[in-house]
Amino acid sequence: MNPLLKRISVDPNVCFGKPCIRGTRIWVSLILDFLANGTTIEEVLAEYPQLTREDIQAAIAYGAEMSRERFVEVAAG
């Protein structure tokens with residue numbers, strides 16, 4: 001498992017169980033949408049200063065794992 005995935009949290013009591021950056025309520029999908037629409041990593045970090053570059057990389061890694069159509073284990077809460 002990619003160690004960056006430890007930065008992702010899935011908790012049914014937080015954000016309706018959507019994958020988030022651990023310790024935040026920032027959805028992985030939001031980060032991926034920003035990047036897909038041409039927002040740079042630096043711009044995302046400026047908009048969400050509580051995030052780190054590793055958090056952005058974790059969101060990308062999570063998206064890559066999901067695209068492989070296999071179950072991604074992440075720690076709850």
Side-chain angles (χ1 to χ4, degrees):
M1 179 171 91
N2 186 327
L4 285 170
L5 294 177
K6 293 178 183 175
R7 294 178 170 274
I8 306 297
S9 168
V10 177
D11 182 337
N13 298 312
V14 177
C15 294
F16 312 103
K18 293 184 182 268
C20 295
I21 301 301
R22 184 170 301 285
T24 76
R25 292 179 177 267
I26 300 171
W27 296 355
V28 168
S29 62
L30 177 70
I31 294 169
L32 294 175
D33 284 340
F34 277 132
L35 296 173
N37 287 313
T39 306
T40 67
I41 291 174
E42 290 73 23
E43 290 169 329
V44 174
L45 294 173
E47 185 71 25
Y48 296 92
Q50 66 271 45
L51 296 178
T52 66
R53 182 170 293 277
E54 290 79 16
D55 293 330
I56 306 296
Q57 292 171 324
I60 295 168
Y62 186 88
E65 286 294 321
M66 293 305 293
S67 74
R68 291 187 184 96
E69 295 186 63
R70 60 181 194 191
F71 181 74
V72 177
E73 291 186 35
V74 294

From CA spacing to verdict: side-chain contact (heavy atoms from CB on, under 4.5 Å), R53, E42: CA-CA 8 Å; R53 182 170 293 277; E42 290 73 23; 2.7 Å; yes
Residues T24, D55; criterion side-chain contact (heavy atoms from CB on, under 4.5 Å); working and verdict: CA-CA 11 Å; T24 76; D55 293 330; 6.0 Å; no
Residue pair I21, T52: steps toward the side-chain contact (heavy atoms from CB on, under 4.5 Å) verdict: CA-CA 10 Å; I21 301 301; T52 66; over 6 Å; no
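Atoms CG and CZ, on L5 and R22 in that order, are 10.5 Å from each other to the nearest 0.5 Å. With rounding to the nearest 0.5 angstrom, the CG atom of L45 is 5.0 Å from the CD1 atom of I56.
By the rule that hydrophobic residues join a cluster once side-chain heavy atoms approach within less than 4.5 Å of another member, I8 and L4 end up as members of separate clusters.
Each of L30, I26, L32 was scored for a side chain to side chain contact (heavy atoms under 4.5 Å, CB included) with V28, with one residue passing: L32.
Among all heavy-atom pairs drawn from R7 and A58, the shortest one is CB-CB, 3.8 Å.
Remark: the backbone N or O of C20 is not paired with any side-chain donor or acceptor of R25 at under 3.5 angstrom.
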